[in-house]
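Data first, discussion second: the structure below is written as structure tokens.
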Amino acid sequence: MAALLVVKGDPVRGTDKHNVFGQATNPAAPPPTVPYKGVGSFSYEGTMSERLSDLLSINGVPVALTDSRSSLNPGQTAPPVGKHSGPAGSDFIPPTPQPIPTSLQITDPVGTGTANANVGSALVSVGGRAVLLDGDAIDTCDGLGVKANSTVTAETQDFVRASE
């Protein structure tokens with residue numbers, strides 16, 4: 001089956017888990033808060049942006065390869081509205097004491113994604129590196145080391161396809 005090739009700027013979306021620390025509501029106040037340390041889920045919204053092909057482009061846009069990288073969209077790490085910032089987390093473990101979102105900070109490195117080891121075209125490569133295809137898994141910055149937690153979608157071009 002053939003799939004569209006991924007190029008610079010194509011979106012990468014998924015969910016990462018990250019270690020966080022901050023404050024939680026104290027169930028036995030006073031004091032009103034207690035330190036909180038746990039894990040939360042964070043939306044990854046980025047694009048294919050780095051280490052793209054220097055040799056192959058489509059309509060002047062570089063093609064993404066299996067060693068290309070994604071980065072978070074601007075503002076995604078800026079609290080309180082950035083979806084990859086402490087206050088935007090959800091599904092916290094442990095759920096109690098209840099974390100206070102505005103106090104939370106992610107303690108893991110965030111931002112970069114790399115192609116999962118099991119993706120790319122089996123037939124098309126550039127300089128010995130396989131091209132990325134629509135729907136390929138991306139290992140984004142999950143703080144627990146979970147792989148294939150995001151997916152890239154070919155949205156920038158709609159006419160060049162390759163076999164998976």
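The two residues L5 and R161 have their closest heavy-atom pair at CD1-C, 3.6 Å. Nearest heavy-atom pair across L104 and P99 is CD1-CB, 4.0 Å. The shortest non-hydrogen separation linking A88 to G82 is CB-O, 3.3 Å. Annotation for L56 and V126: closest pair CD2-CG2, 3.6 Å, computed over non-hydrogen atoms. Across V110 and C141, no two heavy atoms sit closer than the pair CA-SG, 3.7 Å. Here the closest heavy-atom approach between residue S150 and residue T15 is recorded as OG-N, 4.1 Å.
Applying the ring-ring contact (aromatic ring centres under 6.0 Å, His included) test to residues at least two apart or on different chains, none of the pairs has a partner in residues 104-133. Residue pairs meeting the ring-ring contact (aromatic ring centres under 6.0 Å, His included) criterion with at least one partner in residues 127-150, sequence neighbours excluded, are absent. Sorted by first then second residue, the ring-ring contact (aromatic ring centres under 6.0 Å, His included) pairs that include residues 94-121, not counting sequence neighbours, number zero. Among residue pairs with one or both ends in residues 87-130, none qualify as ring-ring contact (aromatic ring centres under 6.0 Å, His included); sequence neighbours excluded. Listed by first and then second residue, the side chain to side chain donor-acceptor pair (under 3.5 Å) pairs that reach into residues 99-109 are H18-D108, N19-D108, sequence neighbours excluded. Residue pairs meeting the salt bridge (charged side-chain N to carboxylate O under 4.0 Å, His left out) criterion with at least one partner in residues 142-158, sequence neighbours excluded, are R13-E155.
In this structure, V131 is a member of the same hydrophobic cluster as L55, with clusters built from ILVMFWY side-chain heavy atoms closer than 4.5 Å. Note on V39 and I106: separate hydrophobic clusters, where clusters join Ile, Leu, Val, Met, Phe, Trp and Tyr whose side-chain heavy atoms are under 4.5 Å apart, directly or indirectly. Tracing side-chain contacts under 4.5 Å through hydrophobic residues (I, L, V, M, F, W, Y), one never reaches I58 starting from L4; they form parts of separate clusters. If you chain together hydrophobic residues whose side chains sit under 4.5 Å apart, V61 and V12 never meet in one group.
Atom CZ of residue F159 and atom CG of residue N59 lie 4.0 Å apart, to the nearest 0.5 angstrom. A distance of 14.0 Å separates CG in D16 from NZ in K83, rounded to the nearest 0.5 Å. A distance of 7.5 Å separates OG1 of T114 from CD1 of I138, quoted to the nearest 0.5 Å.
For the side chain to side chain donor-acceptor pair (under 3.5 Å) test, residues two or more places apart in sequence or in another chain that qualify with Q23 are T33. When the side chain to side chain donor-acceptor pair (under 3.5 Å) test is applied to S41, the partners found at least two apart in sequence or on another chain are K17. Applying the side-chain contact (heavy atoms from CB on, under 4.5 Å) test to P94 and every residue at least two apart in sequence or in another chain returns Y36. Listed by chain and number, the residues in a side chain to side chain donor-acceptor pair (under 3.5 Å) with D139 are N116 (sequence neighbours excluded). A search for side chain to side chain donor-acceptor pair (under 3.5 Å) contacts involving D91 returns nothing, not counting sequence neighbours.
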inquiry  = The test is side chain to side chain contact (heavy atoms under 4.5 Å, CB included); show your working for K8 and T156 and say whether it passes.
reply    = CA-CA 8 Å; K8 179 180 181 180; T156 304; over 6 Å; no

Please tabulate, one pair per line, all N/O donor-acceptor pairs under 3.5 Å involving side-chain atoms of residues 64-74, not counting sequence neighbours.
| from | atom 1 | to | atom 2 | distance (Å) |
| --- | --- | --- | --- | --- |
| D67 | OD1 | R129 | NH1 | 3.2 |
| D67 | OD2 | R129 | NH1 | 2.9 |
| S68 | OG | R51 | O | 2.8 |
| S68 | OG | L65 | N | 2.8 |
| S68 | OG | L65 | O | 3.2 |
| S70 | OG | Y44 | OH | 2.9 |
| S70 | OG | G113 | N | 3.3 |
| S71 | OG | S49 | OG | 2.7 |
| N73 | ND2 | E45 | O | 3.3 |

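Test T153, V152, V119 against V6 for side-chain contact (heavy atoms from CB on, under 4.5 Å) and you get one pass: V152. Each of N149, T151, T112 was checked for a side chain to side chain donor-acceptor pair (under 3.5 Å) with T140, and the lone residue meeting it is N149.
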